[in-house]
Amino acid sequence: MEKIITKDGSIAEVEGAEALYSLRHTASHIMAQAIKHLYGGADGKNVQLAIGPAIDTGFYYDIDIEKKLTEEDLVDIEKEMKNIVKQNLKLERTVLSRADALKKFSDEGEIYKVELIQDLPEDSEISLFTQGDFTDLCAGPHVLSTGKVKAFKLMSLAGAYWRGDEHNKMLQRIYGTAFLTKEELQNYLTMLEEAAKRDHRKLGKELDLFSLHDEGPGFPFFHPNGMTIQNELLNYWREVHRRYGYHEIKTPIILNRKLWETSGHWDHYKENMYFTKIDDEDYAVKPMNCPGSILTYNTHSHSYRDLPLKLAELGLVHRHEKSGVLHGLFRVRNFTQDDAHIYMTPEQIEPAIQETIDLFDEVYKTFGLSYKAELSTRPENSMGSDEVWEKATDALRKALEHRGLDFVINEGDGAFYGPKIDFHLKDSIGRTWQCGTIQLDMMLPEKFDMTYIGEDGAKHRPIMVHRVVYGSIERFIGILIEHFAGAFPVWFAPIQIKLLPIADKHFDFTKKLYDRLFTLGLRAEIDDRSEKTGKKIRDAQVKKIPYMVVIGDKEVETGILPIRKHGSKESFEMSVEDFIKYVQEKISSRDLNY
């Protein structure tokens, strides 16, 4: 348990995320104080402070300073922070009137603090926190003294527009992290080192999977190796969805403005869309697949006997993202969304959600990914009545509760047309990724006048569920690259077997073996370069090929192959037939191990 100063100034004992948040918030103040000491000048006015919140990975502070900070400066700032921590300065909360707070920060030249205060109501009481010679505008919470912040590290520098507006001044942002113990900090730093080795952009280049080009920022190019991975994932997706009773469809990429006005995207999502004109009419490139699925549903009349109807689509969507947020395959401007839309009666909601979770569970376990669920509720820009939202949210909550899944509530993070369940995957080094989504929608069926004939012979509105399991195929591939560090399971490895003939005289045997493997659908390559065998083995290891087979006189004579797995220095022997059966079993079972 940690004691903190809460937002109302009282002392409370907290633990876990709340304690960590308070510690990191205090760390941001210590960093700001250190920057003022080092670069602020006699009156501190050479540095103007903007905002310095705690975040999921630590904390940051945005500052306005003429000096261009470098990585070397972070060392000096961190050293001064340690001095402040050593002094164990007590944090004290005070409250000023809005007028007094404006005067204080105006006198100190803190123009960003003044702007923040001016946005508050006239009768506001302004909360300040002081530690030694440093006072900051802040609502809290904080730990009791600077001495509590012992496990921290400054991480990086970046640029950030004031208030995130590109029309405002570019400030310098310093990122740091802090933990309750030095052991937790070291574990986090070790994880970051491992993550850097696994960076999908680095491995994507080394393994020749994909590339990104200035001619199309945010539009990834997949190479043959990358397409092999993508196609295997899509083949598996189709297999699973066929078993679960889905029907695959395909809808156009460009559709008329009227459709997007009906769906609500024109009013609620326009800033993220691309547009064109055809025959003097407005069209949009689809950012989502759902309206096309609805049009497909509406081409036929439906009975309650047809429901639930599951229409799945591997649809290419385009969304406008600012260049500053583009990031490899994780944040792109076009991607394939593995959408499915389930149309059902109200009575079918809970079993349909349960079955969808079963599908998600099967897929994620296939890749060795654990997950947690998050229920996202109504956002501010939503459509529809309180009653409809409450009914939809309650249906999702009950499905999670009845299944016994642990979940957290994410207030206000639903889509504008319905609440959703997000699935956050945990990878091999402990990071989490949001991928799968199940979204309940009672509004689009109304907007598109969707109906089915019920048992009573009357027309009724179907309930619609939007759901994705991979989310974005491109992003999911990026996650898998980092999860497996590029050493993919055999079933979707681009090259499964590397054949290494020692000399030219061994090539005929090697070629016949290659032809046999190719005929059986196995992905093999021959390394026939005039290089030493040791180099060929090392190169195959770098390319993370699951199996390497060195072929010399003995192998040609006996037909017994020495098999070497990726990451191993030892070989084991198998006949050609046994090796083929071994690899085929690994593929058919989708074994994660070699």
Side-chain angles (χ1 to χ4, degrees), residues 5 7 21-55 58-70 73-74 76-85 87 89-96 98-120 124-143 146 149 152 154-165 168-178:
I5 307 172
K7 291 186 176 184
Y21 178 89
S22 301
L23 182 92
R24 287 173 170 174
H25 199 170
T26 304
S28 76
H29 280 223
I30 294 172
M31 181 171 70
Q33 185 178 15
I35 292 168
K36 283 281 192 178
H37 286 176
L38 293 173
Y39 310 113
D43 58 3
K45 292 183 179 181
N46 291 347
V47 174
Q48 295 176 13
L49 302 175
I51 58 171
I55 55 176
F59 60 90
Y60 69 80
Y61 220 114
D62 290 344
I63 64 171
D64 189 351
I65 179 174
E66 187 173 336
K67 172 183 170 62
K68 178 68 174 176
L69 296 175
T70 66
D73 293 318
L74 296 188
D76 294 334
I77 296 170
E78 198 171 285
K79 184 178 179 181
E80 180 60 20
M81 289 176 69
K82 289 177 181 177
N83 289 334
I84 295 168
V85 169
Q87 294 174 44
L89 302 172
K90 183 180 179 182
L91 274 89
E92 297 179 300
R93 179 180 181 272
T94 56
V95 176
L96 295 180
R98 182 175 179 274
D100 287 344
L102 281 172
K103 183 178 186 310
K104 170 183 170 56
F105 287 104
S106 294
D107 291 345
E108 294 174 0
E110 295 287 359
I111 61 173
Y112 301 102
K113 303 296 183 182
V114 168
E115 185 175 329
L116 292 171
I117 297 169
Q118 286 173 335
D119 288 344
L120 298 174
S124 296
E125 287 191 332
I126 309 301
S127 170
L128 311 178
F129 276 84
T130 298
Q131 58 202 47
D133 60 2
F134 177 74
T135 299
D136 203 357
L137 173 70
C138 182
H142 287 285
V143 294
T146 61
V149 187
F152 67 90
L154 300 189
M155 305 300 294
S156 62
L157 292 158
Y161 292 110
W162 168 234
R163 293 192 154 181
D165 187 337
N168 289 338
K169 185 173 184 178
M170 174 73 78
L171 307 178
Q172 296 186 67
R173 175 173 293 181
I174 306 176
Y175 284 101
T177 192

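No experiment lies behind these values; they were computed from the predicted model shown.
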Inset, instruction - Would you please test Leu23 and Val149 for side-chain contact (heavy atoms from CB on, under 4.5 Å) and show each step? - result: CA-CA 6 Å; Leu23 182 92; Val149 187; 3.9 Å; yes
Inset, instruction - Give the intermediate values and the outcome of side-chain contact (heavy atoms from CB on, under 4.5 Å) for residues Phe105 and Val114. - result: CA-CA 6 Å; Phe105 287 104; Val114 168; 4.0 Å; yes
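- The nearest pair of heavy atoms linking Gly52 to Tyr61 is CA-CD1, 3.4 Å.
- Contact detail for Leu154 and Glu78: the closest heavy-atom pair is N-OE1, 2.8 Å.
- Taking a cutoff of 4.0 Å between a charged side-chain nitrogen and a carboxylate oxygen, Asp100 and Lys104 do not qualify as a salt bridge.
- For the pair Ile63 and Leu171, the minimum side-chain heavy-atom distance is 4.5 Å or more.
- Of the possible donor and acceptor atoms, none in the side chain of Arg98 sits under 3.5 Å from a partner among the backbone N and O of Ile126.
- Taking both residues in full, the closest heavy atoms of Phe59 and Ser28 are given as CD1-CA, 3.7 Å, listed atom of the first, atom of the second, then distance.
- In this structure, Lys113 pairs ionically with Asp136, as a charged nitrogen and a carboxylate oxygen lie closer than 4.0 Å.
- Annotation: side chain of Glu80 is not in contact with side chain of Met31 (no heavy-atom distance under 4.5 Å).
- Met170 and Ala160 make their closest contact through SD-N, 3.0 Å (heavy atoms, listed as atom of the first residue, atom of the second, distance).
- Rounding to the nearest 0.5 Å places NZ of Lys79 at 10.0 Å from CG of Leu38.
- Here the closest heavy-atom approach between residue Lys36 and residue Gly44 is recorded as NZ-O, 2.8 Å.
- Taken from CZ in Arg24 to CZ in Phe152, the straight-line distance is 14.0 Å, to the nearest 0.5 Å.
- Counting heavy atoms from C-beta outward, Tyr175 and Ile55 have side chains that approach closer than 4.5 Å.
- Scanning all heavy atoms of the two residues, the minimum distance from Ser22 to Pro141 falls at OG-CG, 3.4 Å.
- Looking at Leu116 and Ile51, their side chains come closer than 4.5 Å, going by heavy atoms from C-beta outward.
- One finds the CG atom of Leu49 at 10.5 Å from the CG atom of Leu137 (value rounded to the nearest 0.5 Å).
- Between the NZ atom in Lys103 and the CG atom in Asp107 there is a gap of 4.0 Å [rounded to 0.5 Å].
- Taking CD of Gln48 as the reference point, atom OH of Tyr112 lies at 6.0 Å (rounded to 0.5 Å).
- In this structure, the side chain of Thr135 does not engage the main chain of Thr130 through any donor-acceptor pair within 3.5 Å.
- Other residues, nucleotides and ligands contribute only 12 or fewer heavy atoms inside 6.0 Å of the NZ atom of Lys90.
- Salt-bridge formation is not detected for the pair Arg93/Glu125: no Lys NZ or Arg NE/NH1/NH2 atom is positioned less than 4.0 Å from an Asp or Glu carboxylate oxygen.
- Within a 6.0 Å sphere centred on CD of Glu66, heavy atoms belonging to other residues, nucleotides or ligands number 12 at most.
- Between the side chain of Arg163 and the backbone N or O of Asn168 there is no donor-acceptor pair closer than 3.5 Å.
- Side chains of Gln33 and Leu89 form a contact here, defined as non-hydrogen atoms less than 4.5 Å apart.
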Inset, instruction - Could you walk me through whether Asn83 and His37 pass side-chain contact (heavy atoms from CB on, under 4.5 Å), step by step? - result: CA-CA 11 Å; Asn83 289 334; His37 286 176; over 6 Å; no
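- For the pair Asp62/Tyr161, no side-chain contact is recorded, criterion being any heavy-atom separation below 4.5 Å from C-beta on.
- The aromatic rings of His142 and His25 sit tilted relative to each other, their planes meeting at an angle between 30° and 60°.
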Legend entry - Verdict with reasoning, Leu69 to Tyr39, per side-chain contact (heavy atoms from CB on, under 4.5 Å): CA-CA 10 Å; Leu69 296 175; Tyr39 310 113; 4.1 Å; yes
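- Two residues are said to be in side-chain contact when any heavy atoms from C-beta on lie closer than 4.5 Å; Phe134 and Ile84 fail this criterion.
- Atom CG of Leu157 is separated from atom OH of Tyr60 by 14.5 Å, given to the nearest 0.5 angstrom.
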